[in-house]
Undergrad: 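First the structure, then my questions, so here it is.
Letters A, B, ... mirror the listed sequences (proteins, then strands); counts begin at 1. Atom set for the values below is all heavy atoms of this structure, side chains included, hydrogens, waters and symmetry mates excluded.
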Protein chains: 2
Amino acid sequence: MSGLREKQKADRRRRILEAARKLFAKAGPDATTIEAIADAAGVSGVTVHNYYGTKSGVLLALVAESDRELLEKMARELPGQSDDVIDLARRFAAIIRDHAITFLDKEIWRQVFAASIAEANSRFGKSYHSLDHQLALVLVREIEVLQARDAVSPDVSAYDLGKAIFSLQNMRFVNFISFDEMTDVESDAAFLRDLRSIFGALPPDRR
Amino acid sequence: MSGLREKQKADRRRRILEAARKLFAKAGPDATTIEAIADAAGVSGVTVHNYYGTKSGVLLALVAESDRELLEKMARELPGQSDDVIDLARRFAAIIRDHAITFLDKEIWRQVFAASIAEANSRFGKSYHSLDHQLALVLVREIEVLQARDAVSPDVSAYDLGKAIFSLQNMRFVNFISFDEMTDVESDAAFLRDLRSIFGALPPDRR
DNA sequence: GAAAAATTTTTTAGGCAATAAAAAATTTTT
DNA sequence: AAAAATTTTTTATTGCCTAAAAAATTTTTC
């Protein structure tokens with residue numbers, strides 16, 4: 001049996017990602033060639049393709065790493081801060097926006113998001129979605145807390161509600177990164193309108 | 001002054017789109033080269049690029065055309081069918097899903113959606129978004145009808161609510177096209193869970 | 001209505017992503 | 001240590017996309 005081969009593979013993966021991180025940060029993904037990443041990582045260009053499929057695949061893998069940080073930050077900063085679901089949702093969205101914009105600029109996020117949809121079925125598309133799911137679960141847990149405090153109806157599924165709010169937040173995020181001139185304050189205000197209108201939609205006798 | 005030049009341009013645009021439609025339908029966008037489209041349209045490959053930017057741009061322009069049909073269909077089939085906002089939202093989503101899946105398969109829709117985000121600031125990315133907006137407005141108008149019938153609270157903005165529901169629907173649509181095995185029945189059920197949880201979220205004393 | 005000017009398309013050339021297949025190198029097994 | 005299996009590299013090709021020069025065509029001017 002072995003071990004060396006696996007270790008070398010893990011090593012190459014790490015080196016490729018490390019090289020890509022540096023080069024993307026310096027010149028952006030568009031100006032960075034696969035060949036340059038390969039050179040810096042000490043492998044051939046074809047090997048980069050073998051490991052990550054496409055250049056977007058490399059980018060997605062990089063974002064997946066940063067998302068793990070985001071997940072920790074979320075689990076640290078979200079709980080116990082909100083008294084109602086609207087405030088909770090806004091904090092959730094703000095943490096994601098802040099983290100995203102600190103990490104990469106909007107143009108690159110557009111590419112990331114596009115890749116996550118186009119490559120939804122690839123290995124890294126899936127890991128991206130899985131992290132989204134885990135983020136949503138942090139929200140779900142907080143909703144359960146609010147339910148225990150009677151700030152959210154006990155009749156709804158916290159899981160369903162968390163996923164739905166995550167969806168709304170996600171579309172707002174797409175909207176935010178789609179327009180270079182949109183500020184986080186504007187995005188927050190728009191999200192607030194979403195939440196207010198949707199939570200206040202049904203008249204009391206219809207619920 | 002002129003006219004001939006403009007007419008020839010419009011003509012080339014039309015011919016390129018017509019050629020692309022046929023070739024995409026026959027072999028799919030991946031297997032269709034820009035050069036093949038250009039040949040069929042009687043122009044050079046560079047001209048296709050000059051007119052539509054990228055192959056995704058051509059695809060987006062084609063989808064924008066079909067979306068105009070969808071808009072008509074929506075304006076024809078949505079109004080006056082629903083007594084409550086959840087039913088309205090589900091019908092809205094069903095019409096979009098049906099139209100989409102009749103027109104193109106999921107793999108291609110993933111490319112379209114990815115392109116609409118990646119090229120959000122291009123000419124055709126914008127026209128795509130504009131049609132989304134018009135679709136949402138059909139929904140807004142129906143919400144206003146429901147408000148007049150006291151099925152939706154008079155306190156919320158019909159516009160904001162329409163946009164928010166559209167967002168939710170849009171994420172469900174992305175989810176639907178992201179997984180080849182997901183049926184429209186499953187997607188509808190998931191959307192229903194979104195709507196029920198979100199509309200029922202707040203306890204009566206919190207509204 | 002012909003020459004000049006302006007605009008648009010085509011040709012030409014090149015960079016790069018992505019894929020496939022053969023060749024070479026390296027690890028694992030016997 | 002040789003054979004087998006696996007993985008990377010080399011090599012070659014296709015196609016998207018861009019830029020710049022050349023050619024063609026329309027519009028304007030006289």
Undergrad: Does D:dT8 have a Watson-Crick or wobble partner in any strand here, with both distances under 3.5 angstrom, and which is it?
TA: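 Pair assignment: D:dT8 / C:dA23.
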
Undergrad: More 5' along DNA chain C: B:V46 or B:K9, using each one's nearest nucleotide?
TA: B:K9

Undergrad: Check whether NZ of the Lys or CZ of the Arg A:R141 lies under 6.0 Å from the centre of the six-membered ring of A:Y159 and within 45 degrees of that ring's axis.
TA: no

Undergrad: Nearest whole angstrom, please: distance from the P of C:dT9 to the CZ of B:R13.
TA: 10 Å

Undergrad: Can you check the A:L4 CG to C:dT28 C1' distance for me, whole Å?
TA: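 The answer, rounded to whole Å, is 10 Å.
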
Undergrad: Whole-Å distance between C:dT11 P and B:H49 NE2?
TA: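 B:H49 atom NE2 is separated from C:dT11 atom P by 16 Å.
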
Undergrad: What contact category does A:S56 fall into here, base, sugar-phosphate, or nothing, at under 4.0 angstrom with non-hydrogen atoms?
TA: nothing

Undergrad: Please report the C-alpha distance between B:I95 and B:D98 in whole Å, then the side-chain angles of each, then the deciding distance to 0.1 Å, and finally whether the side-chain contact (heavy atoms from CB on, under 4.5 Å) criterion is met.
TA: CA-CA 5 Å; B:I95 291 172; B:D98 290 351; 6.0 Å; no

Undergrad: With a non-hydrogen cut-off below 4.0 angstrom, is A:G45 in contact with a base, only sugar-phosphate, or nothing?
TA: nothing

Undergrad: Suppose we define a pair by two distances each less than 3.5 Å, Watson-Crick or G-U wobble; what does C:dA17 pair with here?
TA: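 Pairing partner, where one exists within any strand: D:dT14.
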
Undergrad: In whole Å, what is the span from the CG atom of A:N50 to the P atom of D:dT11?
TA: 17 Å

Undergrad: Which whole-number value in Å describes the distance from B:E119 CD to D:dC16 P?
TA: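 B:E119 atom CD is separated from D:dC16 atom P by 14 Å.
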
Undergrad: Salt bridge or not for A:R149 and A:D83, using N-O below 4.0 Å?
TA: yes

Undergrad: Please report the closest heavy-atom contact between B:L60 and B:V112, naming both atoms and the distance.
TA: CD1-O, 3.6 Å

Undergrad: Taking any heavy-atom pair under 4.0 Å as a contact, classify B:Y52: base, sugar-phosphate, or nothing.
TA: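 Answer is nothing: B:Y52 stays at 4.0 Å or more from every strand.
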
Undergrad: Can you find a donor-acceptor N/O pair under 3.5 angstrom joining the side chain of B:R12 to the base of C:dT9?
TA: no

Undergrad: Return the value, rounded to whole Å, for the distance between atom CD1 of B:I34 and atom C1' of C:dT11.
TA: 17 Å

Undergrad: Would you say C:dT9 has OP1 or OP2 under 4.0 Å from some side-chain N or O of B:Y51?
TA: yes

Undergrad: Classify the side-chain pair B:S127/B:S130 by whether it contains a donor and acceptor separated by less than 3.5 Å.
TA: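 No, B:S130 and B:S127 have no side-chain donor paired with an acceptor closer than 3.5 Å.
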
Undergrad: Between A:T47 and D:dT9, is there a side-chain N or O to OP1/OP2 distance below 4.0 Å?
TA: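 Answer is yes, contact under 4.0 Å.
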
Undergrad: Report the distance from atom CG of A:D11 to atom C1' of C:dT27, rounded to the nearest whole Å.
TA: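 Result: 16 Å.
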
Undergrad: For B:Q8 and D:dT25, what is the distance between atoms CD and C1' respectively, to the nearest whole Å?
TA: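 Nearest whole value for this atom pair: 8 Å.
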
Undergrad: Could you work out which one of C:dT26, D:dT9, D:dG15 sits closest to the side chain of A:R5?
TA: C:dT26

